[in-house]
There are 2 protein chains.
Amino acid sequence: MSALVKPAPKPEAGPQPGAGGRDLATGAEAEAETAAAVPLALGPLEESLGFHLRLAQIEAFDAFFAAFAEDGLQPGLLSVLITIGENPGVRQGVLANALKIKRSHMAKIVQGFDAAGLVDRRVPADDRRAVELTLTPAGRGRVAAAMPKFRTHETLSASRLSAAERRTLLDLLRKLSGG
Amino acid sequence: MSALVKPAPKPEAGPQPGAGGRDLATGAEAEAETAAAVPLALGPLEESLGFHLRLAQIEAFDAFFAAFAEDGLQPGLLSVLITIGENPGVRQGVLANALKIKRSHMAKIVQGFDAAGLVDRRVPADDRRAVELTLTPAGRGRVAAAMPKFRTHETLSASRLSAAERRTLLDLLRKLSGG
DNA sequence: CATGGAATGTTTTCGAGTGGACAAAATTGC
DNA sequence: GCAATTTTGTCCACTCGAAAACATTCCATG
């Protein structure tokens, strides 16, 4: 598949009228589909952590996609690359565990990266079941190239929060997840 | 399909050895797959809102599943039912918009609910494209039955946070999502 | 009113992610 | 040493959700 190599989802002429062409830099939220933004009564959902987590996550995901659209890179995939870079020789299962990605899925992802020449898979001599992962030079380049955009994205996506609020939110999320 | 009527995912004999039988009440986190909980260096991810949102959301999702496994109910589906209940006669598209569910997906969901006899779909006379949704008595019963469990789940899932922290987290999430 | 465009919901098609069975290698117990 | 169990990764079948094309209805403009 090489889910990383698709040369920007669709090389269209420009912002199509119907497609709702994602204003990248402006930060305007631009009324997703159509359907008036009628405020609904959410009842108990209004106070639900899980519900708001989902909302926030979807929004963050969308923002990420908007930022990285041309790279054809997804949040999960980038996190895998980064983590391999930070932990050369990490075991595939350990990686999956830390990133909350299922091992079966991680296998697919790593296959894709391998095929794309971004990671090396080495079978250690002392345990021939395992696979140790390392970034290739190309992989390191890919990560390095993505990092500035990543930082920009992180800043932009929290633009509604003050620095202190962002810090607090991060800490609380970490605490919630048992960090 | 009737994705709501499956009588608990698998009516097995008991907690299978290999299946990892989800201790519901204990709250112990029980080492998901196997793979030692080796702490990895996450580098820039450590400070990433999006990354921690994903982690927290996955965890919340899992907890929800554990709590509602026997009901065969999913977070998104319950949120749809609740919101219809809170807004009788709501338009399908408005609902999709508010819950960040794609319209095409909402169509499927509503079809399922309709087939299960949980919602009524009424085409208003003044706009024959639209569909207005209402809970049937059975639907209201379903929601009412789920609510206590839902509140319990909400409380449990935030057990690592104090009440004040939970409140703060909720407010920050809402602010982040443009509430 | 006729005609082109927009809004609403549906269908179809496809990718992402899961669950479970599996093969190979390691570990343990005898 | 050898069988049983466990760990590690992979494969296959399936579901959830998204993107895009579509049909129908409404609206605007002449």
Side-chain angles (χ1 to χ4, degrees), chain A residues 1-4 6 9-10 12 16-20 22 31-36 54 57-58 61-62 65 69 72 74-77 80 90-97 99-112 114 121-133, chain B residues 1-4 6 9-10 12 16-22 31-36 38 54 57-58 61-62 65 69 72 74-77 80 90-97 99-112 114 121-133:
Chain A
M1 296 306 160
S2 73
L4 274 183
K6 50 179 177 183
K10 268 198 173 179
E12 294 171 333
Q16 286 304 80
R22 301 298 188 194
E31 208 63 55
E33 295 297 324
T34 30
R54 196 175 70 97
Q57 210 257 338
I58 290 176
F61 202 84
D62 283 352
F65 259 143
Q74 296 174 358
L77 298 186
V80 170
V90 66
R91 296 280 196 85
Q92 200 167 302
V94 174
L95 184 61
N97 201 40
L99 266 38
K100 303 274 192 215
I101 294 176
K102 292 289 172 295
R103 290 211 318 259
S104 59
H105 189 204
M106 185 60 79
K108 282 189 200 177
I109 293 175
V110 169
Q111 279 170 8
D114 191 12
R121 307 168 58 193
R122 206 179 70 87
V123 173
D126 65 340
D127 187 344
R128 307 219 310 277
R129 298 168 300 180
V131 175
E132 293 179 349
L133 303 172
Chain B
M1 300 301 155
S2 71
L4 272 184
K6 50 180 176 182
K10 267 200 174 179
E12 293 171 334
Q16 286 304 83
R22 300 295 188 195
E31 208 60 57
E33 296 296 324
T34 30
V38 181
R54 195 174 72 95
Q57 210 257 337
I58 289 176
F61 203 83
D62 283 351
F65 258 141
Q74 296 174 359
L77 297 185
V80 169
V90 65
R91 296 281 197 83
Q92 200 167 304
V94 174
L95 183 62
N97 202 40
L99 266 39
K100 303 275 193 215
I101 294 177
K102 292 288 173 295
R103 289 209 322 259
S104 59
H105 189 202
M106 184 61 79
K108 283 190 200 177
I109 293 176
V110 169
Q111 280 171 8
D114 192 12
R121 308 167 57 192
R122 208 180 70 85
V123 173
D126 65 339
D127 187 345
R128 305 217 313 276
R129 297 169 300 181
V131 175
E132 292 178 350
L133 303 173

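Numbered from 1 within each chain, the chains take letters A, B, ... in sequence-line order.
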First locate atom NZ of B:K102, then atom CD1 of B:I109, and finally report the distance between them rounded to the nearest 0.5 Å. 11.5 Å
With DNA chain D as reference, determine whether A:R54 or A:V110 sits nearer its 5' end, using the nearest nucleotide of each. A:V110
Would you confirm whether A:R54, through its side chain, and B:G76, through its main-chain N or O, come within 3.5 Å as a donor-acceptor pair? no
Just how far, in rounded Å, is P of C:dA16 from CZ of B:F61? 18 Å
Could you pull out the protein-nucleic contacts involving nucleotides 26-29 of chain D (nitrogen or oxygen on both sides, under 3.5 Å)?
residue	atom	partner	partner atom	Å
D:dC26	OP1	B:R128	N	2.8

Taking for B:G76 and for A:E132 the nucleotide of DNA chain D with the nearest heavy atom, the one nearer the 5' end belongs to A:E132
Rounded to the Å, how far apart are B:I58 CD1 and D:dG17 P? 14 Å
B:R121 side chain: which of C:dG17, C:dG9, D:dG9 is closest? C:dG9
Do B:L133 and B:R122 come close enough that some side-chain heavy atom pair is under 4.5 Å? no
Of the nucleotides C:dG9, C:dG20, C:dT11, which has the atom closest to the B:S104 side chain? C:dT11
Atom pair distance, as rounded to whole Å: CG in A:L95 and P in D:dT10: 12 Å
Which of these nucleotides, D:dG9, C:dT13, C:dG9, is closest to any side-chain atom of B:V131? C:dG9
Taking C:dG17, D:dG17, C:dG9 as options, the one with an atom nearest any side-chain atom of B:Q92 is C:dG9
Out of curiosity, B:R103 CZ to B:I101 CD1, how far, rounded to the nearest 0.5 Å? 13.5 Å
Rounded to the Å, how far apart are B:M106 CE and C:dG9 P? 10 Å
Tell me the interatomic distance from A:K100, atom NZ, to C:dG17, atom C1', rounded to whole angstroms. 16 Å
Over its full length, what angle do the end axes of the helix from C:dC1-D:dG30 to C:dC30-D:dG1 make, each axis taken from five pairs and the result rounded to 10 degrees? 20°
Would you compute the distance between atom CD of A:Q92 and atom CD of A:E132 and round it to the nearest 0.5 angstrom? 11.5 Å
Residue B:R91, side-chain atoms from C-beta onward, closest of D:dT8, C:dG9, C:dG19: C:dG9
Applying side chain to side chain contact (heavy atoms under 4.5 Å, CB included) to B:A130 and not counting sequence neighbours gives B:R91, B:P124, B:D127
Any A:R129 side-chain heavy atom under 4.5 Å of A:V123 side chain: no
Side chains of B:V131 and B:V110 in contact at under 4.5 Å (non-hydrogen atoms): no
Counting just side-chain N and O atoms, does A:Q111 come under 4.0 Å of either OP1 or OP2 of D:dC11? yes
Whole angstroms only, please: what is the NE2-P distance between B:H105 and C:dT13? 18 Å
Reported CD-to-CZ distance for the pair B:Q57 and A:F61, which is rounded to 0.5 angstrom: 10.5 Å
Nearest listed nucleotide, side chain of A:Q74, among D:dG17, C:dG9, C:dA16: C:dA16
Just how far, in rounded Å, is C1' of D:dA18 from CG of B:L99? 16 Å
Grab the CZ-C1' distance between B:R122 and C:dG9 for me, whole Å please. 16 Å
